[in-house]
Amino acid sequence: MSRIGVFDSGMGGLTVLEELQKVLPNENFIYYGDHENCPYGTKTKEELFLITSRIVDFFERLGCSVIVIACNTATTLCMKDLRKKYPHLIFVGTVPAIKVAYDKGYHRTLIMVTPATIASERTKELLQDYHRPDQELYLVACDGLAQAIEQKDDILIEKLLVRDLSKYRMMEIDSVVLGCTHYPWIKDKILKVLPGVAFLDGANGVAREVKRQLEMHHLENEGEPVYPPVILDSLDFKR
Ligand code: DGL
């Protein structure tokens with residue numbers, strides 16, 4: 001039986017898992033929420049490569065041949081190196097949906113990401129490749145936000161959003177790239193600071209890419225899924 005491993009530093013990647021289940025209702029998913037190492041967004045590339053390699057080893061032992069990095073930080077920092085280290089596995093990752101903003105013709109786009117994602121080479125490449133002359137892009141490193149979401153600390157989330165986004169209120173922002181998979185959980189709170197913006201994220205693109213990879217490699221699950229998604233939390237292994 002083939003299984004698809006999906007991971008993030010916590011609950012963020014569940015927003016991607018939801019989309020994966022919609023697009024691929026027959027597949028068996030294992031979701032790993034790495035709370036123990038949350039947040040990823042303040043880690044170095046080296047630290048994150050060690051952490052993500054351990055998760056990949058774990059998924060491999062469980063028989064996964066397709067691994068979804070449901071985290072923009074881990075994808076932008078580590079996916080290239082993980083592909084080199086594990087050439088026999090198929091990796092699909094999520095990057096900030098800068099291309100979606102470009103394709104859809106938005107003019108003033110705010111890109112919310114973690115501090116590590118903002119500093120990554122992959123993000124620089126995306127900004128170079130998908131930037132029209134008639135388009136303003138504003139990058140914001142939302143330090144501490146993913147962790148506040150993980151802790152469900154509504155007061156802190158609102159404080160951080162005011163700190164990071166309120167200066168863009170007067171700039172007629174038309175779209176917000178949710179460049180961290182935790183951020184779709186707080187769309188309502190972002191709208192309070194930036195009313196009327198359109199939200200863009202990579203979840204549907206990831207699900208379609210996984211479908212394409214499964215078809216290309218003939219890895220689709222033919223029958224009914226054997227299990228509902230298995231949700232594992234790294235802290236469970238410590239208790
Ligand atoms: N959800 C992750 C992302 O997409 C990581 C957030 C974090 O742990 O800092 O970037």
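For the single chain, residues carry numbers from 1 onward in sequence order. Since the structure is predicted, the reported quantities are computational estimates derived from the model, not experimental observations. Ligands are counted one by one from 1 in listed order, and the atoms in each one are counted from 1 as well.
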Can you tell which part of [X] has a heavy atom less than 4.0 Å from ligand 1: side chain, backbone, both or neither?
{"X": "Thr73", "answer": "both"}
{"X": "Asp8", "answer": "side chain"}
{"X": "Ala146", "answer": "side chain"}
{"X": "Cys180", "answer": "both"}

For a quick check under 3.5 Å, do [X] and [Y] share a side-chain donor-acceptor pair by atom type?
{"X": "Thr123", "Y": "Thr117", "value": "no"}
{"X": "Asp201", "Y": "Tyr183", "value": "no"}
{"X": "His107", "Y": "Glu136", "value": "no"}

Subject >> Thr117 N/O to ligand 1 N/O under 3.5 Å >> reply: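 No; every N/O pair is 3.5 Å or more apart.
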Subject >> Gly41-ligand 1 polar pair, N/O distance under 3.5 Å >> reply: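 N/O-N/O distance under 3.5 Å: yes.
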Original post:
How far is atom 7 (C) of ligand 1 from its nearest protein heavy atom, and which residue and atom name does that atom have?
Top reply: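 Sorting protein heavy atoms by distance from atom 7 (C) of ligand 1 puts Tyr40 N, 3.3 Å first.
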Cut-off 3.5 Å, no hydrogens considered: what does the side-chain donor-acceptor table look like for residues 157-170, sequence neighbours left out?
unit_1 : atom_1 : unit_2 : atom_2 : d
Arg163 : NH2    : Asp143 : O      : 2.9
Ser166 : OG     : Val162 : O      : 2.5
Arg169 : NE     : Val193 : O      : 3.1

Subject >> Lys/Arg-Asp/Glu bridge criterion (N-O < 4.0 Å) met for Lys192, Asp188 >> reply: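 Not counted as a salt bridge, because no side-chain N and carboxylate O are separated by less than 4.0 Å.
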Subject >> Electrostatic pair Asp154-Lys189, nearest N-O below 4.0 angstrom >> reply: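 Salt bridge flag = yes for Lys189 with Asp154.
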**OP:** Would you mind listing which atoms of ligand 1 come within a distance below 4.0 Å of any non-hydrogen atom of Ser9?
**Re:**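 Checking each atom against Ser9, I get 5 (C), 6 (C), 7 (C), 8 (O).
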